[in-house]
Structures are given as C-alpha cells and as structure tokens.
Amino acid sequence: MRRNVIAAALLGALAALPAAAQDNYPSRPIRFVVPFAAGGPSDIVARIMAPHMQQTLGQPVVVDNRPGAGGVTGVDVVAKAAPDGYMFGIGSAGALAISPNLGRGTPYDPVRDLAPITLGVLVPEPVVVPAVSPYRTLQDLITDARARPGALNFGTTGNGSMPHLAAEQLRAAAGLDIVQIAYNSGGQLATAVLRNEVQLGFADLPVLLPQINAGAMRALAVGTPERLTWIPDVPTFRELGLPSVDASNWHGLVAPARTQPAALEALRRAAIAALQDPDVRRRLHDQGAIPGGNPAEEFGAFIRSENAKWHEVIQRNNIRPD
C-alpha cells in the first residue's frame with residue numbers, strides 16, 4: 001500500500017512538470033528561425049521585430065538564419081523542433097502556401113505541422129511595364145495582348161514563383177496568350193523590365209519601388225484590396241474589373257504544432273505587440289511592406305485559403321518546379 005501511494009505521488013509530480021515549466025516561460029533564449037540568408041526580406045522583418053519581442057518576453061530572441069530550398073529548409077527546422085516555445089520562425093508565401101502544392105510538396109504540412117502565430121507583413125505585388133512601353137493603362141496592355149497572341153513576354157523568377165503565379169492569374173482573368181521568361185532573382189527580373197526584354201512583370205514592391213519612383217518603369221495595377229500609399233495613383237485589379245488577380249507576397253510567424261499553449265500565447269502577445277509598435281510599423285512600411293499583427297485564428301485561415309488558391313492555379317496550369 002505504501003509503495004502504491006509513493007508511486008502515485010511520483011506520477012503526479014511528473015505530470016505537473018510541464019505545467020510548472022511553463023509557469024516561468026521563458027527562462028532561456030528563444031530562437032527565431034529565418035529560412036533565408038541575412039539581408040533578405042524575411043531576415044529584415046525578423047531583425048526589426050526581434051528586439052521588441054525580446055523586451056516583451058524578457059529573454060534574448062536570437063535570429064537564426066537557416067537558408068535553403070527557397071525557404072523550405074528553415075520552415076522544416078521549425079516544424080520538427082521541440083514544441084516547448086523556444087523555437088519559432090518566419091515563413092514566406094512560397095514555403096507556407098506555394099511549395100507545399102508544387103511537385104512532391106514539402107517535408108511538412110503547413111496546416112498540420114505548424115501553429116500560426118500572426119501575419120508579419122504583406123508585400124504587394126504590382127504589375128509593371130518599362131517607361132518606354134506604349135501601355136499607359138492595364139486595359140492598353142490587355143487590348144494589345146489580345147490582338148497579338150503570343151507576342152508579349154512576361155518576366156518571372158521561375159516556375160511556381162509568386163511573379164509567375166500572379167501572371168497566371170492575370171492571364172486567366174483577362175484571357176491572354178503571353179509567354180513566360182524566367183530569371184534567377186527579382187533584381188534580374190526588374191532589370192529585364194527596365195531594358196524592355198520583357199513587356200511586363202510582377203515583383204515584390206520593394207524591388208520595384210525605386211524604379212517606379214524614378215520614372216523608369218510604370219505600375220499599372222496592384223493585387224491588394226485597396227490602393228497603396230506608396231503609389232496611390234495606381235488602381236487595384238478589383239477596381240479594373242479583375243478581382244481574381246489578388247496576388248501578394250507575405251511573411252508570417254509560425255511555431256511547431258502542439259507548442260505548449262502558455263508559451264504559444266506568450267509568443268503571440270510579443271509578436272503582435274511588436275507589430276503594433278509605431279516605430280516597428282514605420283520601419284516595415286519603409287521597406288515597402290504592410291505590417292500585419294492579426295489574431296492566430298485569422299492567420300491560420302489565411303494560410304489555408306492561400307494554399308487552396310495557389311493549389312488551384314498550379315493544378316490548372318500544370319506548373320512544375322524548375
């Protein structure tokens with residue numbers, strides 16, 4: 001009888017250990033995984049947010065760059081990490097919504113294996129033409145493309161990239177026959193537009209904005225629900241009667257699935273507090289990004305909807321990874 005009582009007491013104490021450990025969370029540094037090299041968009045967002053999150057959490061938040069496979073490698077590190085709250089990461093639209101639907105997919109399921117924290121930033125994806133282009137409006141481009149099937153080229157950063165999928169949305173919505181020319185980076189794509197090697201292209205706003213402001217290229221439309229403060233004269237696709245063209249890049253914070261609830265809630269509070277800070281928002285806006293900070297449930301629904309949207313585009317166009 002005495003042995004049974006002691007055993008029961010020990011089991012009760014062991015069962016209480018995880019809860020007790022979470023009572024003083026965090027008690028050591030936390031790793032913030034960035035699945036790209038230093039200096040890229042995800043890295044910039046993380047390094048702007050990390051100091052503010054550190055102040056809220058009371059422990060160092062260490063940015064840990066784990067590049068590879070277009071962001072998939074780093075997100076997989078997060079998905080397979082211990083769910084104790086001491087590792088979380090930032091994933092792009094590519095790693096969380098596009099790559100899972102391309103080819104053989106990803107070694108993780110973005111819905112099953114990751115817990116959403118919040119949307120970090122939305123990065124608009126305008127369609128642009130070179131300054132020498134005769135197209136003053138999107139309708140000018142559409143009219144000419146319809147009159148000359150196969151004559152116009154559009155630039156992308158490869159099969160399944162956001163610029164490619166955005167152009168496929170436009171091609172389907174407007175009934176266009178235009179030809180893809182792939183480049184290795186957003187910078188090369190922007191240069192190709194400037195040189196009129198391609199007649200149009202989509203890309204992240206931060207890549208294009210300096211050239212738009214300099215008058216070297218012209219933005220014809222944006223895929224966001226509302227017009228952008230950076231280029232307020234540029235209409236949305238919705239305004240132009242093409243609401244199905246709604247492509248935007250984005251970067252969101254995720255943790256391993258089944259992360260301890262108290263730790264996950266602490267990470268959420270710290271991330272949202274950072275994204276609501278006026279200085280953080282200003283710095284992200286200066287990068288050409290729209291700051292996020294939505295509830296986890298809303299961000300989780302957004303990830304699911306983005307997966308469904310890009311799955312449909314990829315399947316309809318039989319897109320395969322490069």
Side-chain angles (χ1 to χ4, degrees), residues 41 93 97-98 121-149 151-157 161-183 186-187 189-250 285 287-290 305-306 309-310 312-313 316-317:
I98 296 173
V121 295
L122 189 75
V123 183
E125 199 88 359
V127 60
V128 294
V129 296
V132 298
S133 171
Y135 312 132
R136 310 300 300 183
T137 68
L138 183 67
Q139 189 56 52
D140 290 342
L141 187 154
I142 290 172
T143 299
D144 189 41
R146 287 174 175 169
R148 299 189 299 138
L152 272 61
N153 297 328
F154 68 94
T156 77
T157 50
S161 64
M162 184 62 73
H164 181 202
L165 299 184
E168 292 294 355
Q169 282 189 327
L170 174 60
R171 179 152 60 178
L176 306 182
D177 179 4
I178 51 180
V179 179
Q180 178 191 191
I181 305 295
Y183 296 89
L189 167 56
T191 299
V193 173
L194 288 170
R195 293 175 176 172
N196 203 25
E197 292 175 9
V198 293
Q199 286 69 59
L200 67 145
F202 288 80
D204 288 2
L205 178 65
V207 175
L208 303 175
L209 193 56
Q211 302 299 338
I212 294 172
N213 288 338
M217 62 174 62
R218 187 180 307 120
L220 300 183
V222 294
T224 46
E226 299 176 352
R227 293 193 183 200
L228 303 175
T229 58
W230 302 271
I231 44 176
D233 294 334
V234 178
T236 67
F237 282 103
R238 185 178 298 276
E239 289 178 78
L240 298 174
L242 300 172
S244 62
V245 185
D246 64 348
S248 290
N249 208 342
W250 50 270
H285 183 274
Q287 295 293 325
I290 300 171
S305 69
E306 286 283 288
K309 177 175 70 180
W310 297 129
E312 190 277 329
V313 173
R316 171 164 43 85
N317 295 283

Could you tell me whether the side chain of [Y] reaches within less than 4.5 Å of the side chain of [X], counting heavy atoms only?
| X | Y | value |
| --- | --- | --- |
| E168 | R316 | no |
| V234 | P126 | no |
| L240 | L220 | no |
| Q139 | I142 | yes |
| V127 | V245 | no |

Using 0.5 Å steps for rounding, measure from the [atom1] atom of [X] to the [atom2] atom of [Y].
| X | Y | atom1 | atom2 | result |
| --- | --- | --- | --- | --- |
| D246 | T236 | CG | OG1 | 11.0 Å |
| L165 | L170 | CG | CG | 13.0 Å |
| L122 | T224 | CG | OG1 | 7.5 Å |
| L209 | I231 | CG | CD1 | 7.0 Å |

Partners passing side-chain contact (heavy atoms from CB on, under 4.5 Å) against A93 (at least two apart in sequence or in another chain):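 By the side-chain contact (heavy atoms from CB on, under 4.5 Å) rule, A93 matches M162, N249, W250.
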Tabulate below the donor-acceptor pairs under 3.5 Å that side-chain atoms of residues 173-181 make, not counting sequence neighbours, or state none.
{"from": "Q180", "atom 1": "OE1", "to": "T156", "atom 2": "OG1", "distance (Å)": "2.7"}
{"from": "Q180", "atom 1": "NE2", "to": "N159", "atom 2": "OD1", "distance (Å)": "3.2"}

Tell me every residue that passes salt bridge (Lys or Arg N to Asp or Glu O under 4.0 Å) with [X], counting only those two or more places apart in sequence or in another chain.
| X | answer |
| --- | --- |
| R148 | D144 |
| E125 | none |
| D140 | none |

Using every non-hydrogen atom in the two residues, find where [X] and [Y] come nearest and quote the distance to one decimal.
| X | Y | value |
| --- | --- | --- |
| G155 | P163 | O-CB, 4.4 Å |
| L228 | P124 | CD1-CB, 3.5 Å |
| A289 | V123 | CB-CG2, 4.3 Å |
| A145 | L152 | CB-CD2, 4.0 Å |

Backbone N/O of [Y] and side chain of [X]: donor-acceptor pair under 3.5 Å:
| X | Y | answer |
| --- | --- | --- |
| R218 | Y135 | yes |
| Q287 | P206 | no |
| W230 | H285 | yes |

Show me, pair by pair, the donor-acceptor contacts under 3.5 angstrom made by side chains of residues 191-203, not counting sequence neighbours?
{"from": "T191", "atom 1": "OG1", "to": "G187", "atom 2": "O", "distance (Å)": "3.0"}
{"from": "E197", "atom 1": "OE1", "to": "Y183", "atom 2": "OH", "distance (Å)": "3.3"}
{"from": "Q199", "atom 1": "OE1", "to": "N153", "atom 2": "N", "distance (Å)": "2.8"}

Are more than 12 heavy atoms, taken from residues, nucleotides or ligands other than R171, located less than 6.0 Å from that residue's CZ atom?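 For R171, atom CZ is crowded (more than 12 foreign heavy atoms under 6.0 Å).
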Should we count CD of E226 as having more than 12 external heavy atoms under 6.0 Å?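 It does not: E226 CD has 12 such atoms or fewer within range.
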